[in-house]
Participant: 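Attaching a single structure in structure tokens format; questions to follow.
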Amino acid sequence: MISMKKFIELSLGSFMISHGYDENNKEIEEHCPVQGFAKKLVAVERIKSLSEKYILTDYVDGRWIYWEYEEEYIAVKKKLLSL
């Protein structure tokens with residue numbers, strides 16, 4: 001069966017994984033710095049929000065990933081709105 005998912009190509013860099021909250025309601029974060037950016041195809045249905053610095057995506061087990069991206073905010077916004 002052919003997948004009907006839509007994807008967007010982005011240059012992604014460092015990221016932060018949110019693993020939820022501890023017993024004191026403090027967010028549990030895992031920071032993952034990387035050198036430079038790499039092109040990735042991201043399923044549009046995984047994208048939850050876009051800011052000038054980060055794109056927020058969901059991941060398995062209820063985790064969230066905040067990715068730094070290289071493109072201009074307005075260019076990514078236009079790509080998403082055109083889908």
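This chain uses plain numbering: 1 for the first residue, then up along the sequence. All of these numbers come straight from a predicted model, not from anything done at the bench.
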Participant: Begin with the C-alpha distance, continue with both residues' side-chain angles, and end with the deciding distance and a verdict on side chain to side chain contact (heavy atoms under 4.5 Å, CB included) for Ile8 and Leu41.
Facilitator: CA-CA 6 Å; Ile8 184 172; Leu41 285 177; over 6 Å; no
Participant: Under the salt bridge (charged side-chain N to carboxylate O under 4.0 Å, His left out) definition, can you give me all pairs with a residue in residues 63-83, not counting sequence neighbours?
Facilitator: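 Applying salt bridge (charged side-chain N to carboxylate O under 4.0 Å, His left out) to every pair that reaches into residues 63-83, excluding sequence neighbours, yields Asp61-Arg63.
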Participant: Please collect all salt bridge (charged side-chain N to carboxylate O under 4.0 Å, His left out) contacts where either partner lies in residues 11-30, sequence neighbours excluded, each pair once.
Facilitator: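 Residue pairs with at least one partner in residues 11-30: there are none.
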Participant: In the hydrophobic clustering (ILVMFWY, side-chain contacts below 4.5 Å, transitive), which residues join Trp64, or is it alone?
Facilitator: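 Via sub-4.5 Å side-chain contacts, Trp64 links to Met16, Tyr54, Leu56, Tyr66.
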Participant: First locate atom CD1 of Ile65, then atom CD1 of Ile17, and finally report the distance between them rounded to the nearest 0.5 Å.
Facilitator: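 Going from CD1 on Ile65 over to CD1 on Ile17, the span is 5.0 Å.
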Participant: Once salt bridge (charged side-chain N to carboxylate O under 4.0 Å, His left out) is applied, what residue pairs with a partner in residues 31-47 remain, sequence neighbours excluded?
Facilitator: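 For residues 31-47: Lys5-Glu45, Arg46-Asp58.
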Participant: Applying side chain to side chain contact (heavy atoms under 4.5 Å, CB included) between Lys6 and each of Leu80, Leu83, Val42, report the one that passes.
Facilitator: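 With Lys6 as partner, Leu80, Leu83, Val42 yield a single side chain to side chain contact (heavy atoms under 4.5 Å, CB included), made by Leu83.
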Participant: Under the ring pair (Phe, Tyr, Trp, His ring centres under 6.0 Å) rule, what pairs show up with a residue in residues 11-50, not counting sequence neighbours?
Facilitator: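 Found Phe15-Trp67.
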Participant: Report the C-alpha separation of Leu12 and Ile55 in whole Å, then their side-chain angles, then the decisive distance to 0.1 Å, and conclude whether the side chain to side chain contact (heavy atoms under 4.5 Å, CB included) test is met.
Facilitator: CA-CA 9 Å; Leu12 302 177; Ile55 188 162; 4.1 Å; yes
Participant: Tell me, with the steps shown, if Val44 and Phe7 meet side chain to side chain contact (heavy atoms under 4.5 Å, CB included).
Facilitator: CA-CA 5 Å; Val44 172; Phe7 292 86; 5.7 Å; no
Participant: Which heavy atom of Ser14 sits nearest a heavy atom of Val34, and at what distance?
Facilitator: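 Scanning both residues, the minimum pair turns out to be OG-N, 3.0 Å.
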